[in-house]
A.B. asks: 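Sharing a structure here in structure tokens format.
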Amino acid sequence: MTDERELDDGLAAFDQLGREMAETNRLLRAVRSDQATRNQQEAVLSSEMQAALKQATGASQKALQASQTEIRSSLLWTGLTAFLIVLVAFGGGYFVGQRSGWDTGQAKGYQKARNQEAAASWANTPAGQRAYGLDRRGSLDLLTLCQGNGWTTERQKGGTVCFPNADAKGNVSGWYLP
């Protein structure tokens with residue numbers, strides 16, 4: 001009977017071991033099922049996060065492109081405005097300058113005609129005739145540049161004076177150079 005009892009005890013222990021192994025397998029399946037569920041949830045969450053990240057990246061790229069377009073447009077308008085300001089300033093300056101030149105040109109022409117008239121009337125005087133005679137002989141340049149032999153120039157308050165050689169009495173007189 002001992003053998004039978006030992007056999008019954010061995011079968012009971014074996015049966016107990018089988019139940020424990022069955023329970024362990026059941027717990028292992030539950031853990032694996034929980035792990036699979038967590039993995040699936042993480043995958044769904046990861047794909048949702050990737051989609052949200054992709055959407056946020058796309059939105060920021062669109063905003064960046066819109067900002068760059070706006071900057072280009074602003075720069076273009078600023079450049080065109082500056083060009084128009086320069087063009088208007090140049091045109092206004094040209095018009096004012098030409099108008100002033102036109103007025104000045106007419107005034108200079110009138111003054112030149114008056115000077116020629118005065119010069120012509122002076123040329124008919126005895127002094128003008130003598131100057132003309134000196135100029136024809138080449139002596140007028142000699143007098144106006146003070147280039148006679150031994151002649152000297154001296155700076156005085158009224159301008160530069162030409163002094164030729166002294167006369168027989170030792171007197172020296174001169175004239176202002178133009």
A.B. asks: Within this structure, what is the CD-OG1 distance for the pair Gln50 and Thr57, rounded to the nearest 0.5 Å?
C.D. replies: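 Nearest 0.5 Å value for the CD-OG1 distance: 11.0 Å.
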A.B. asks: Show which residues join Val88 in its hydrophobic cluster (side-chain heavy-atom contacts under 4.5 Å, direct or indirect), or state none.
C.D. replies: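 When side chains under 4.5 Å apart are linked, Val88 ends up in no cluster with other residues.
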A.B. asks: Show the nearest heavy-atom pair for residues Cys162 and Trp151, with the distance to one decimal.
C.D. replies: SG-CE3, 3.8 Å
A.B. asks: State, yes or no, whether a side-chain contact exists between Arg155 and Val161 at a heavy-atom distance under 4.5 Å.
C.D. replies: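 With C-beta onward as the side chain, the pair stays apart.
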A.B. asks: Let me confirm one number: the OG1-CD distance from Thr152 to Glu154, rounded to the nearest 0.5 Å.
C.D. replies: 7.0 Å
A.B. asks: Just so I know, are the side chains of Arg38 and Gln35 near enough to count as touching, which here means a heavy-atom distance under 4.5 Å?
C.D. replies: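 They are in contact (side-chain heavy atoms under 4.5 Å apart), so the answer is yes.
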A.B. asks: Quick one: side-chain contact (heavy atoms from CB on, under 4.5 Å) partners of Leu76, sequence neighbours excluded?
C.D. replies: Leu80
A.B. asks: Which ILVMFWY residues can you reach from Leu17 by hopping between side chains whose heavy atoms are under 4.5 Å apart?
C.D. replies: Met21
A.B. asks: Cut-off 3.5 Å, side chains only: do Gln16 and Arg19 have a donor facing an acceptor?
C.D. replies: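 Looking only at side-chain atoms, Arg19 and Gln16 do form a donor-acceptor pair, the distance falling under 3.5 Å.
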A.B. asks: To the nearest 0.5 Å, how far apart are CG in Asp8 and CD in Glu4?
C.D. replies: 6.0 Å
A.B. asks: Using the side-chain contact (heavy atoms from CB on, under 4.5 Å) rule, take Glu48 and Val44 through it: C-alpha gap first, then chi angles, then the decisive distance, then the call.
C.D. replies: CA-CA 6 Å; Glu48 287 175 358; Val44 167; 3.6 Å; yes
A.B. asks: Return the OG1 to CZ distance between Thr125 and Arg130, rounded to the nearest 0.5 Å.
C.D. replies: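 Result: 7.5 Å between the selected atoms.
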A.B. asks: Kindly check if the number of other-residue, nucleotide or ligand heavy atoms within 6.0 Å of CD (Glu23) is above 12?
C.D. replies: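 Yes, CD of Glu23 has more than 12 neighbouring heavy atoms, counting only those of other groups under 6.0 Å.
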A.B. asks: Quick one: list whatever passes side-chain contact (heavy atoms from CB on, under 4.5 Å) with Gln40, sequence neighbours left out.
C.D. replies: none
A.B. asks: Working to the nearest 0.5 Å, report the span between CG of Asn25 and CZ of Arg32.
C.D. replies: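 Reported value, rounded in 0.5 Å steps: 8.0 Å.
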A.B. asks: Could you name each residue pair satisfying side chain to side chain donor-acceptor pair (under 3.5 Å) that touches residues 63-87, not counting sequence neighbours?
C.D. replies: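 As it turns out, there is no side chain to side chain donor-acceptor pair (under 3.5 Å) pair with a partner in residues 63-87 once direct neighbours are skipped.
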A.B. asks: Linking Ile, Leu, Val, Met, Phe, Trp and Tyr by side-chain heavy atoms under 4.5 Å, what else ends up with Val86?
C.D. replies: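 Answer for Val86: none, a lone residue.
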